[in-house]
*Asks:* 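First the structure, which I've put down as structure tokens, then a few questions once you've had a look.
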Amino acid sequence: MYHFLFVPLTLGLSIFLALLETCSVLTKRPAWREQARKLTKFFGTVFLINFGMGVVTGIVQEFHFGMNWSEYARFMGDIFGAPLALEALTAFFLESTFLGIWVFGWDRLSPKVHCATIWITAIGSNLSAFWILVANGFMQHPVGYAIEDGRAVMTDFFALITNPYAHGQYAHALMAGITTSGMLLLAITAYKILAGGEYRPAFQKVLRGIGVYLIVGLLGVMGTGHMQAQQVAHMNPMKLASMEALWETADPAPLAVVADINVSDQRNDFEIGVPYVLSVLVYNVPTGEVQGIKDLQAAAVEKYGPGKYMPDDIIGLFLSFRGMITMGGLMMLFALGALVLGWHGKTAADWDKKLRCPCVKWFLRFAVLALPAPFIANTLGWYLTEAGRQPWIVVGLQKTAVAYSPNLTTGDVFFTLAGFTVIYLVLALAAVYAAVRYIRRHPMTPPVVAEPDETAEGRKF
């Protein structure tokens, strides 16, 4: 979850930087060419800070599989290792190499070649996410495998990379990345507009593009989320029933807005639901059966033997889904506000008039404060993905309870978790400090002019 704070930002911000630099290369207006170039460099430094944090936290994941989850690695290594290796060979090396060329290639490469390097970086970043989600997609919906000598072995690589569950996850993650980067860009731009100074017009001009980019991301998140919900309903129905706290099979099925969930008695003591909506979500029509937790549990017992086959944290899943939707609605309001403000603020006179309005200033202030919204939504979404498939680490094939390293002790887990928490907290504070300090003090912020020195030495100097 900590690593996933940085991944979506890398996906979306790399694409935005590529689009912005493309504007600077293709535009026929010299003033905008220079502004777009400076904005690309400015936002690019923020991207580099985030990219560094993503790499540091991602490397730990590689060791995590073998050290903490050795039984999982033994059982799944033949399948899980292939996309991880391809991620390193075809994606991570690609993005890292060309990102370095992009950073050090300013004024050394032609504008078009330099622009191509950030496009390759963006492609590499998103290809990296694709391979990771191919691996995770198998854990959610296994395909193209056989069980031999107690291990899962790959029998069809094409089936692995065309797994519809993985494609749904990737599309949703890509749109979440665009949304996350759009909110970050909006927060930074709002701060810069409020700060004023020589470069305020550049941020005012780019605000409209940020609004469009953010709306594209949010609409994409909604569309891909709908598609993924339908995949979950057919490929992992227990996850859908759990996040909806749907205990009994229903046709048509309502969507619960709020509920008092009684897990011990397996019922909702109180519920406010919207009729037909869950059936519409799953089947695109107002009728259709959605299986409940009780029936799915009984079917799992019949298929896999005695045991508990529902997630432990049904309340957490229920609240996470609704929290994610709430954050999305909040971000849509800011996206529309940014689009309207940018669209109707084309000249300096327009902006001078707007900034005299308290509502505009308050919108810009709240846009800065709303920055955590996409990170909260991403965290809740990732929790739904991973906690929703429990008790399975690989659905239908291996339970989480038998996947961990058998030599681990409670003390090992506690102290290493505590250690990583402290280290990651320090890294997070350092990254946020570096980013905020850069944003506040970068030359695109008006420099502080010193008072004139009227002494003799001062005049001489």
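Here the structure is a predicted model, which means the values were calculated and not measured.
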*Asks:* Can you name the residues that form a side-chain contact (heavy atoms from CB on, under 4.5 Å) with Met67, not counting sequence neighbours?
*Replies:* Phe63
*Asks:* Working note: Met139 + Val395, criterion side-chain contact (heavy atoms from CB on, under 4.5 Å); need CA distance, chi angles, decisive distance, verdict.
*Replies:* CA-CA 6 Å; Met139 299 166 72; Val395 174; over 6 Å; no
*Asks:* Before we go on, tell me: are the rings of Tyr2 and Phe420 under 6.0 Å apart, centre to centre?
*Replies:* no
*Asks:* Please identify each residue that fulfils salt bridge (Lys or Arg N to Asp or Glu O under 4.0 Å) with Glu244, with sequence neighbours left out.
*Replies:*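 Expected list: Arg322.
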*Asks:* Would you call Thr410 and Phe415 a side-chain contact if the rule is heavy atoms closer than 4.5 Å?
*Replies:*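 Sidechains of Phe415 and Thr410: no contact.
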*Asks:* With no hydrogens and no angle check, is any side-chain donor or acceptor of Asp156 less than 3.5 Å from a backbone partner on Phe158?
*Replies:* yes
*Asks:* Do Tyr276 and Val285 come close enough that some side-chain heavy atom pair is under 4.5 Å?
*Replies:*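 No. Closest side-chain heavy atoms not under 4.5 Å.
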*Asks:* Distance only, no hydrogens: is a donor on one side chain within 3.5 Å (strictly under) of an acceptor on the other, for Asn262 and Ser264?
*Replies:* yes
*Asks:* Hey, would you say the Phe6 and Phe51 ring centroids sit under 6.0 Å apart?
*Replies:* no
*Asks:* Determine the minimum heavy-atom distance between Ala373 and Met331, stating which atoms define it.
*Replies:*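 Heavy atoms of Ala373 and Met331 come nearest at CB-CG, 3.9 Å.
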*Asks:* How are the rings of Phe130 and His167 set relative to one another: parallel (under 30°), tilted (30 to 60°) or perpendicular (over 60°)?
*Replies:*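 The rings of Phe130 and His167 sit tilted, inter-plane angle from 30° to 60°.
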*Asks:* Thr249 and Asp295: side chain to side chain donor-acceptor pair (under 3.5 Å), yes or no, with the steps?
*Replies:* CA-CA 7 Å; Thr249 300; Asp295 286 344; 2.5 Å; yes
*Asks:* Thr40 and Glu21: side chain to side chain donor-acceptor pair (under 3.5 Å), yes or no, with the steps?
*Replies:* CA-CA 6 Å; Thr40 304; Glu21 185 165 358; 5.4 Å; no
*Asks:* Is the shortest heavy-atom distance from the side chain of Asn378 to the side chain of Leu5 under 4.5 Å?
*Replies:*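 They are not in side-chain contact.
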*Asks:* May I have the step-by-step check of side chain to side chain donor-acceptor pair (under 3.5 Å) for Lys308 and Gln297, ending in yes or no?
*Replies:* CA-CA 7 Å; Lys308 181 182 178 183; Gln297 167 67 20; over 6 Å; no
*Asks:* In terms of side-chain heavy atoms, does Gln390 have a donor or acceptor partner in Asp312 at a distance below 3.5 Å?
*Replies:* no
*Asks:* Can the ring centres of Phe138 and Tyr165 be said to be less than 6.0 Å apart?
*Replies:*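 No - the distance between ring centres of Phe138 and Tyr165 does not fall below the 6.0 Å cut-off.
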*Asks:* Is any side-chain heavy atom of Met175 less than 4.5 Å from a side-chain heavy atom of Ile178?
*Replies:*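 Sidechains of Ile178 and Met175: in contact.
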*Asks:* Do any N or O atoms from the side chain of Arg151 and from the backbone of Arg74 form a donor-acceptor pair under 3.5 angstrom?
*Replies:* yes
*Asks:* Measure the shortest side-chain to side-chain distance between Ile188 and Phe42 over non-hydrogen atoms and say whether it is less than 4.5 angstrom.
*Replies:*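 With C-beta onward as the side chain, the pair touches.
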*Asks:* Show every ring-ring contact (aromatic ring centres under 6.0 Å, His included) that has at least one partner inside residues 210-232, sequence neighbours left out.
*Replies:* Phe16-Tyr213
*Asks:* Within the supplied structure, the quantity of interest is the number of heavy atoms (other residues, nucleotides, ligands) at a distance under 6.0 Å from Phe157 CZ; does it exceed 12?
*Replies:*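 Atom CZ in Phe157 is packed in, count exceeds 12.
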*Asks:* Does one side chain, of Trp119 or Ser14, offer a donor that lies under 3.5 Å from an acceptor on the other?
*Replies:*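 On atom types as modelled, these side chains do not qualify, holding no pair under 3.5 Å.
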*Asks:* Would a 4.5 Å heavy-atom cut-off, applied to side chains only, mark Leu184 and Leu371 as touching?
*Replies:*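 Yes - at least one pair of side-chain heavy atoms lies under 4.5 Å apart.
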*Asks:* Does Ser320 use its side chain to pair, donor to acceptor, with the backbone of Leu317 at less than 3.5 Å?
*Replies:* no
*Asks:* Looking only at the side chains, is there a donor atom on one of Tyr383 and Asp313 sitting less than 3.5 Å from an acceptor on the other?
*Replies:*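 Indeed, the side chains of Tyr383 and Asp313 share at least one donor-acceptor pair under 3.5 Å.
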*Asks:* With no hydrogens and no angle check, just 3.5 Å: does a side-chain donor-acceptor pair link Thr10 and Asn50?
*Replies:*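 The answer is yes; a qualifying pair exists.
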*Asks:* Nearest heavy-atom pair of Asp412 and Asn407: which atoms, and what distance?
*Replies:*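 What the structure gives for the nearest pair is OD2-O, 4.0 Å.
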*Asks:* Mind checking whether Leu84 and Ile132 have side chains closer than 4.5 Å, heavy atoms only?
*Replies:*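 Of all side-chain heavy-atom pairs linking Ile132 with Leu84, at least one is under 4.5 Å.
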*Asks:* Below 6.0 angstrom between ring centroids: does that apply to Trp392 and Tyr304?
*Replies:* yes
*Asks:* Return yes when atom OH of Tyr404 has more than 12 non-hydrogen atoms of other residues, nucleotides or ligands closer than 6.0 Å, and no otherwise.
*Replies:* no
*Asks:* Does the side chain to side chain donor-acceptor pair (under 3.5 Å) test come out yes or no for Gln266 and Glu248, once each step is laid out?
*Replies:* CA-CA 9 Å; Gln266 297 191 354; Glu248 305 289 347; over 6 Å; no
*Asks:* Between Tyr309 and Leu296, is there a side-chain heavy-atom distance shorter than 4.5 Å?
*Replies:* no
